[in-house]
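In this chain, residues are counted from 1 in sequence order. Values reported hereafter were calculated over all heavy atoms of this structure, with side chains retained and with hydrogens, waters and symmetry mates removed. Just follow the structure's listing: the first ligand is 1, and inside any ligand the first atom is 1.
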Amino acid sequence: MSGGIAAYKAVEVCRRLVDAGAHVSPVLTRAATRFVGELTFSALASEPARTSLWGNDEPIPHTRLGQGADLVVVAPATARLIGAYAAGISSDLLTATLLATRAPVLLAPAMHTEMWEHPAVVDNIATLRRRGVHLVGPDAGRLAGGDLGYGRLAAPEAIVDAATALLAPSRNDTRGLQALVTAGGTREPIDAVRYIGNRSSGKQGHAIASELASRGADVLLVTASELPGPPGVEVERVETAAEMHAAVTRAAAERDLVVMSAAVADFRPKVTVAGKLKKADGVPEVILEQTPDILAELGATRRPGQILVGFAAEALGPGAQPEERLREFAEGKLRAKRADLIVANDVSAPGVGFAHDTNAVLIVTADGYHVPVPLADKGAIAAAVVDAALAYGSRRSSPPGR
Ligand code: CTP
């Protein structure tokens, strides 16, 4: 709990978590104790409330709390707490615990609308989200002092539901699987400052790596995106198609599943000019050459049993029967690259593909299945891709009729 008027609702959150079977260790900032009594939490929770790094019966309470937790819930999370956490400043037991944990963190912000909308808070929230911190609320409604607006603490049951979802046991159905995922768009240098790139953000590939890791797989992510690596995933950063080719070639043989979701450049400048091309020297002629097709190479050389998933980004535009055309393109790529699955999307459709948080795909498989996945966030699409790859693998290892 950090110090806001909504701290009184944390009593209800604590009680509900204990009722749901959680072991709850309450930590209050000093300001929180001005709104709600430490004794209330000591009485309701699974152990006495703590309010300070000092004067405890243990010398370093934040590491025990941080390392021992399966989930850290901050409700309410004030603008100050959010700012300190985003900046990595540990000035009290709560912020020290947040920095000392590798468990998922769920923040339930509560503050006045003006504060919630302040650019500093907006930036801090964006930073924390990027690092994988989870948020619940805030809601719109009545605020302290009778004001109405955004910034009200989420309802206690919503906070507990969000906490429960984060603690739900993972399916573990990819445990022991060695996976390689590629993501992002490669950049092919023209000179020391310019490159040819594409609009891939890497979000879909990072979501697939994250999904595989959360379900138990051992994941190497080779990424050309600047997004942070998902928790539990080994990350190798590359920039060009050549670097991606080298990294994938090194790692692929060992892997049971390879997902090529990167948008690898098809063409690159034949020569990279050292230094910077100057305007005064006139309009340069950039000669392109083809890059190696990594997926096709993997398809031609892979070991038996390895599952190979490719992507097909198509821009169908307006026209009749987009689903059929998308399927034809996907099946063409499936054959040409000898992949097992192709995940195709029409990046010209609204909400689909590059830089969006949502996607809609059609998954086609080498044994003739078509799985359309309607518009959903990229996490849900990632789950559908992993499901389809696992289902394909089990069909292949036990064909019907045998
Ligand atoms: N791919 C690859 N190496 C390349 C280009 C693409 O491994 N040099 C992979 C991508 O990671 C993706 C798949 O191939 O999994 C499809 O890429 P895409 O560019 O859509 O297909 P292309 O075969 O290049 O066909 P086209 O550009 O003509 O649509």
| query | For E157, what residues pass the side chain to side chain contact (heavy atoms under 4.5 Å, CB included) criterion, not counting sequence neighbours? | reply | R16, A155
| field | Neighbour count above 12 (heavy atom, 6.0 Å) for R237 CZ | value | yes
| Does the N or O separation between M260 and ligand 1 drop below 3.5 Å for any pair? | yes
| message | Check this for me - ligand 1, D266, N or O atoms closer than 3.5 angstrom, yes or no? | response | yes
| field | Test item: protein heavy atom less than 4.0 Å from atom 24 (O) of ligand 1 | value | yes
| message | Measuring from non-hydrogen atoms of K337 to any atom of ligand 1, is the shortest distance under 4.0 Å? | response | yes
| task | Determine, using heavy atoms of S261 and all atoms of ligand 1, whether some pair is separated by less than 4.0 Å. | result | no
| Starting from atom 20 (O) of ligand 1, which protein heavy atom do you reach first, and at what distance in Å? | K333 NZ, 2.9 Å
| message | Quick test: of every protein heavy atom, which one is nearest to atom 10 (C) of ligand 1, and how far off is it to 0.1 Å? | response | A262 O, 3.4 Å
| Can you find a pair of side-chain heavy atoms, one from Y150 and one from D139, that are under 4.5 Å apart? | no
| query | Y85 ring centre to R131 NZ or CZ under 6.0 Å, with the angle to the axis within 45°? | reply | no
| request: Distance to 0.1 Å, residue and atom name: give those for the protein heavy atom nearest to atom 8 (N) of ligand 1. | output: P292 O, 2.9 Å
| remark: Residue set satisfying salt bridge (Lys or Arg N to Asp or Glu O under 4.0 Å) with D19, at least two apart, ordered chain then number -> R15
| task | Compute the minimum heavy-atom distance from A241 to ligand 1 and say whether it is under 4.0 Å. | result | no
